[in-house]
Amino acid sequence: EAQVTQNPRYLITVTGKKLTVTCSQNMNHEYMSWYRQDPGLGLRQIYYSMNVEVTDKGDVPEGYKVSRKEKRNFPLILESPSPNQTSLYFCASRMTVYTEAFFGQGTRLTVV
Amino acid sequence: KNEVEQSPQNLTAQEGEFITINCSYSVGISALHWLQQHPGGGIVSLFMLSSGKKKHGRLIATINIQEKHSSLHITASHPRDSAVYICAVRDMNRDDKIIFGKGTRLHILP
């Protein structure tokens with residue numbers, strides 16, 4: 001089944017403790033991206049990648065890192081999480097920028 | 001001003017009613033997406049369109065490029081249609097970056 005898989009689905013952590021949210025897709029898509037969704041603000045892009053070893057900042061990249069060592073994986077790294085990074089996070093992939101996007105199930109992160 | 005505006009923000013209707021959700025945008029686009037987000041949080045792509053009209057089951061999406069406007073219609077609405085519907089556009093002048101509307105929360109009463 002074609003899908004985008006995020007882990008974990010739910011995470012509560014403390015300020016400053018490094019964490020990684022994994023994202024994997026099995027559709028051989030070139031384009032992957034991370035979004036955060038906050039009440040009243042909608043979905044905002046954090047980082048995106050147009051191919052292996054090619055990543056770029058989105059609208060709200062501060063406090064986040066990503067890597068794209070393999071085509072299928074695009075982890076989101078929070079080196080030192082802060083409470084303002086409490087949010088619902090989505091990974092998405094597309095074959096190219098011109099095609100339909102597939103979303104992961106979301107990761108609800110709480111930083112206390 | 002947001003580049004993608006949806007209306008209404010919230011909509012409650014009775015089962016069976018015809019539903020219309022509107023999306024207006026201010027940028028030049030290469031395509032427009034309609035997404036559905038259920039209470040559990042997952043997001044599913046419903047339509048991607050760049051002109052005209054598309055239909056899938058009880059859902060119909062239309063777009064008017066000249067007027068920079070799209071509508072999502074649901075015929076014979078059902079409680080399982082209750083979800084947040086999100087309009088998103090691909091900005092043709094910014095490497096097809098996706099810009100999202102804030103969503104319309106739809107609640108269908110049985």
Side-chain angles (χ1 to χ4, degrees), chain A residues 1-11 21 23 25 27 29-51 54-61 87-110, chain B residues 1-10 21 23-51 54 56 59 61 63 70 72 83-105:
Chain A
E1 182 191 350
Q3 59 186 3
V4 178
T5 304
Q6 286 180 235
N7 279 297
R9 293 287 312 278
Y10 303 92
L11 178 61
V21 184
C23 174
Q25 50 93 4
M27 295 167 279
H29 286 173
E30 291 187 350
Y31 191 96
M32 298 184 74
S33 50
W34 275 103
Y35 302 93
R36 61 179 288 173
Q37 187 180 39
D38 301 290
L41 296 177
L43 285 152
R44 293 179 293 168
Q45 190 178 55
I46 303 170
Y47 268 96
Y48 64 95
S49 168
M50 301 188 81
N51 214 326
V54 180
T55 62
D56 212 342
K57 296 177 181 178
D59 297 315
V60 288
S87 188
L88 179 58
Y89 291 87
F90 286 97
C91 177
S93 74
R94 298 185 256 170
M95 179 61 73
T96 71
V97 294
Y98 308 111
T99 54
E100 180 184 10
F102 292 79
F103 287 82
Q105 285 300 301
T107 295
R108 189 167 293 280
L109 172 66
T110 302
Chain B
K1 187 181 184 302
N2 295 322
E3 292 163 308
V4 180
E5 296 273 5
Q6 288 185 235
S7 63
Q9 286 186 306
N10 295 283
I21 298 170
C23 175
S24 296
Y25 53 91
S26 57
V27 298
I29 71 166
S30 53
L32 182 143
H33 301 256
W34 280 103
L35 310 170
Q36 181 190 56
Q37 184 174 23
H38 273 286
I43 296 175
V44 174
S45 177
L46 297 174
F47 294 103
M48 182 180 73
L49 63 166
S50 54
S51 65
K54 285 191 176 180
H56 185 246
L59 273 59
I63 188 169
S70 174
L72 177 68
V84 175
Y85 292 84
I86 301 169
C87 172
V89 302
R90 292 213 305 260
D91 187 338
M92 61 191 297
N93 296 311
R94 282 191 277 179
D95 296 326
D96 279 275
K97 175 184 174 177
I98 296 182
I99 306 169
F100 296 88
K102 291 190 168 65
T104 294
R105 187 174 298 276

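Here is the naming used below: chain letters follow the sequence lines, and residue numbers restart at 1 for every chain.
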Is it the side chain or the backbone of [X] that comes within 4.5 Å of chain A heavy atoms, both, or neither?
X: Ser30(B); result: neither
X: Ile99(B); result: neither
X: Gln9(B); result: neither

[X] versus chain B, the contacting section by heavy-atom distance below 4.5 Å:
X: Arg9(A); value: side chain
X: Gln45(A); value: side chain
X: Leu43(A); value: both

Straight-line distance of His33(B) NE2 to Arg94(A) CZ, nearest 0.5 Å: 6.0 Å
Nearest-0.5 Å distance, CG of residue Leu41(A) to CZ of residue Phe100(B):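 It is 13.5 Å, given to the nearest 0.5 Å.
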side-chain contact (heavy atoms from CB on, under 4.5 Å) evaluation trace for Val44(B) with Phe103(A): CA-CA 7 Å; Val44(B) 174; Phe103(A) 287 82; over 6 Å; no
Residues from residues 31-39 of chain A approaching chain B under 4.5 Å (heavy atoms): Tyr35(A), Gln37(A)
Heavy-atom pair of closest approach, residues Ser45(B) and Ala101(A):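 Heavy atoms only, the tightest pair is CB-O, 3.6 Å.
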Those residues that, when tested against Ala61(B), pass side chain to side chain contact (heavy atoms under 4.5 Å, CB included) (two or more places apart): Trp34(B), Phe47(B), Leu49(B), Leu72(B)
